[in-house]
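This structure is in structure tokens; I'll ask about it shortly.
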Amino acid sequence: MATINAQNGRNGGNNNSETNTMQSGSLGERLARVKPTRWARFGVVSLLFVAWVIWLGSWWVIVFWPLLADIYLTQFIPWTWWKHTKNKAVRTVMSWVDAIVYALILVYFLFIFVGQNYQIPSSSLEKTLLTGDFLWVNKMVYGPRVPQTPIHFPLAQNTMPIIGTKSYIDWPQWGYHRLKGLRGIDRMDIVVFNFPAGDTVATRCPNPDYYTLVKEKGREAVWADKATYGDVIYRPVDRRDNYVKRCLGLPGEWLSIKRGIVYINGRPLPEPKNVQYFYYVHTDGTPITDDQYDDLGISMEDRHGDAPDYVLPLTADMRERLKAQPWVLGIERTQADPSEAELTYPIDRNYGWTHNDYGPIWIPKKGKTLHLTTYNLPMYARCIKNYEGNTLEVRGGTIYINGKPTQYYTFKMDYYWMMGDNRDNSLDSRFWGFVPEDHIVGTPMFVIISFNQDKPLLRGGIRWNRLFISANPDK
């Protein structure tokens with residue numbers, strides 16, 4: 001080893017001389033020194049880059065091609081200067097920096113244009129998806145969005161882990177543009193999207209959402225009490241929290257809910273296989289054990305009540321299994337609390353709707369014109385103002401959009417109605433309204449891995465039977 005080190009030391013000057021020669025000269029001289037293998041790599045990368053630009057539909061991006069040519073061929077910019085320094089510490093540090101930067105760029109493009117992993121944090125889609133499921137979400141099905149907030153850390157949605165600062169820079173902001181996908185959103189698709197009501201956030205109180213919080217506590221109280229609610233901040237569309245729900249209503253359709261059953265254009269929708277509702281379960285005093293809860297698949301967060309009376313979310317199959325138990329005296333559906341009407345969408349107008357009896361409401365469709373009245377305006381005010389960027393006010397019973405009196409509005413985007421399968425325990429479109437097309441992220445394809453948060457990791461904490469199963473078995 002000593003002999004090799006000495007040899008390297010003696011040849012150090014020659015290596016630097018060779019490097020200087022390679023990084024000098026005219027364009028023709030530099031190209032003449034490029035090895036055939038490097039030309040081949042450059043050709044493959046160029047083809048991929050041009051294909052990506054065509055898919056992107058923004059030809060101005062081609063101006064970055066000369067940068068690729070310099071990296072692979074001409075090297076007018078000394079990209080790998082650190083490889084030729086005599087300082088071993090610099091070479092070591094920069095090799096790690098180079099590898100990390102390369103990995104982050106690769107992950108950035110993968111997460112934006114191909115797909116990404118997401119975790120199910122709540123029980124709103126049980127039993128189709130379970131709390132603790134990690135999903136692979138395909139962004140190519142509906143077409144990936146060009147990032148609206150391009151400068152962001154690719155492994156964090158909006159907040160850096162540990163340090164808690166923003167994971168993105170607000171400027172620049174690009175307009176909404178979606179690349180061509182394989183298909184549009186179908187009814188019954190499970191969809192990942194950015195939370196529509198997440199444009200404004202009280203940082204210390206993410207739940208309920210800011211608008212519901214203001215409804216309950218008052219705007220002045222929320223803004224003044226930073227110790228309780230934190231700073232009130234705005235988040236760009238693609239940096240808002242990710243939600244996952246099932247699409248039940250498509251653009252241009254009329255939706256209503258009667259006794260929990262969803263109707264589209266007056267016709268009842270078939271329910272997903274694992275849809276569940278809350279039921280009162282009356283027993284003879286025999287307590288439900290943890291093993292029985294586990295057998296039914298009821299997580300700890302969904303276990304409400306104590307013997308003899310429980311309130312539990314049950315599928316049809318779970319209900320029948322409980323009914324068959326000799327210690328169960330009766331099972332009946334819970335009823336919606338009428339006071340809930342104050343917090344259903346739209347929260348600034350009480351139509352008397354609850355999560356169980358809702359609508360009818362028309363779902364906006366791109367290019368369609370709606371006759372606006374002071375009665376239906378609250379249903380669409382967020383679409384007109386928050387999502388499509390208009391000013392809106394009502395003076396003396398007259399509606400003004402962008403300062404002009406009008407009775408009509410033509411929508412610029414498609415909107416969707418999303419709901420959870422855990423119907424009585426899901427904060428969804430019934431509470432915060434429509435999901436605009438520019439908020440759509442993708443659709444989950446399969447479960448990567450699933451953790452049972454009610455159990456220790458090595459004693460049932462991993463749900464092995466859920467690995468790589470379909471994330472949307474109803475499709």
Sub-3.5 Å donor-acceptor pair from the side chain of W174 to the main-chain atoms of P147, do we have one?
->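 No, the answer is negative, given that no donor and acceptor are paired below the 3.5 Å cut-off.
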
Is D414 reaching over with its side chain to a backbone N or O of K366, donor-acceptor style, under 3.5 angstrom?
-> yes

Can you spot which of N422, L125, D317, T128 makes a side chain to side chain contact (heavy atoms under 4.5 Å, CB included) with N274?
->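 Going through N422, L125, D317, T128 one by one, the side chain to side chain contact (heavy atoms under 4.5 Å, CB included) with N274 is satisfied by T128 alone.
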
Presence of salt bridge, D189 and R183, under 4.0 angstrom |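 Judged by the 4.0 Å cut-off on N to carboxylate O distance, R183 and D189 do form a salt bridge.
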
Does the distance from a Lys or Arg side-chain N to an Asp or Glu carboxylate O, for R246 and D421, drop under 4.0 Å?
->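 Salt bridge flag = yes for D421 with R246.
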
Examine R395 relative to Y400 and say whether NZ or CZ is less than 6.0 Å from the centre of the six-membered ring and inside a 45° cone about the ring axis.
-> yes

With a cut-off of 6.0 Å (strictly less than), are more than 12 heavy atoms of other residues, nucleotides or ligands near NZ of K217?
-> no

What heavy-atom pair brings F76 and L27 nearest, and what distance separates the two atoms?
->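 The answer is CE1-CD1, 4.0 Å.
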
In Å and rounded to the nearest 0.5 Å, what is the CE to SG distance from M188 to C247?
->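 One finds 9.5 Å between CE of M188 and SG of C247.
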
Under 3.5 Å, side chain of S123 to main-chain N/O of E126, donor-acceptor pair present?
->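 The answer is no, because no donor-acceptor pair under 3.5 Å joins these two groups.
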
Does R219 make a cation-pi contact with Y211 (under 6.0 Å, within 45 degrees of the axis)?
-> no

Any sub-3.5 Å donor-acceptor pair from H177's side-chain atoms to L56's backbone N or O?
-> yes

Angle class for the W362/W254 ring planes (parallel below 30°, perpendicular above 60°, tilted otherwise)?
->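 Ring orientation, 0 to 90° scale: tilted.
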
Parallel, tilted or perpendicular: which fits the ring planes of F113 and F109, with parallel below 30° and perpendicular above 60°?
-> parallel

Quick one: are K412 and E388 in side-chain contact, heavy atoms under 4.5 Å?
->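 The answer is yes, as the side chains (C-beta and beyond) meet within the 4.5 Å cut-off.
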
What orientation do Y351 and Y375 show, parallel under 30°, tilted 30 to 60°, or perpendicular over 60°?
-> perpendicular

Do the ring centers of Y279 and Y277 come within less than 6.0 Å of each other?
-> no

Y293 and Y310 aromatic ring geometry - parallel, tilted or perpendicular at 30°/60° bounds =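 Perpendicular: the ring planes of Y310 and Y293 meet at over 60°.
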
So, D238 side chain and T149 main chain: donor-acceptor pair closer than 3.5 Å or not?
->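 Looks like yes, one N/O pair under 3.5 Å.
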
What is the ring orientation for Y345 with F434, classed by angle as parallel under 30°, tilted 30 to 60°, or perpendicular over 60°?
->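 Y345 vs F434 ring planes: perpendicular.
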
Before accepting this row, confirm whether a basic side-chain N of the pair R235/D241 lies closer than 4.0 Å to the acidic partner's carboxylate O.
-> yes

Aromatic rings H439 and Y387: how do their planes relate, parallel, tilted or perpendicular, breaks at 30° and 60°?
->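 Because their plane-to-plane angle is over 60°, the rings of H439 and Y387 count as perpendicular.
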
Presence of salt bridge, K385 and E393, under 4.0 angstrom = no

Geometric class of the W136/F446 ring pair [parallel <30°, tilted 30-60°, perpendicular >60°] =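 If you compare the ring of F446 with that of W136, the planes turn out parallel.
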
State, with a plain yes or no, whether a side-chain heavy atom of R463 is found less than 4.5 Å away from one of D133.
->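 A side-chain contact exists here, since the closest heavy-atom pair is under 4.5 Å.
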
Determine yes or no for a side-chain-to-main-chain donor-acceptor pair under 3.5 angstrom, with T374 supplying the side chain and G397 the backbone.
->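 Pair absent, no side-chain N/O of T374 close to backbone of G397.
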
Taking side chain to side chain contact (heavy atoms under 4.5 Å, CB included) as the test, write out the residues that go with W39, two or more places apart.
-> L31, V34, F42, L73

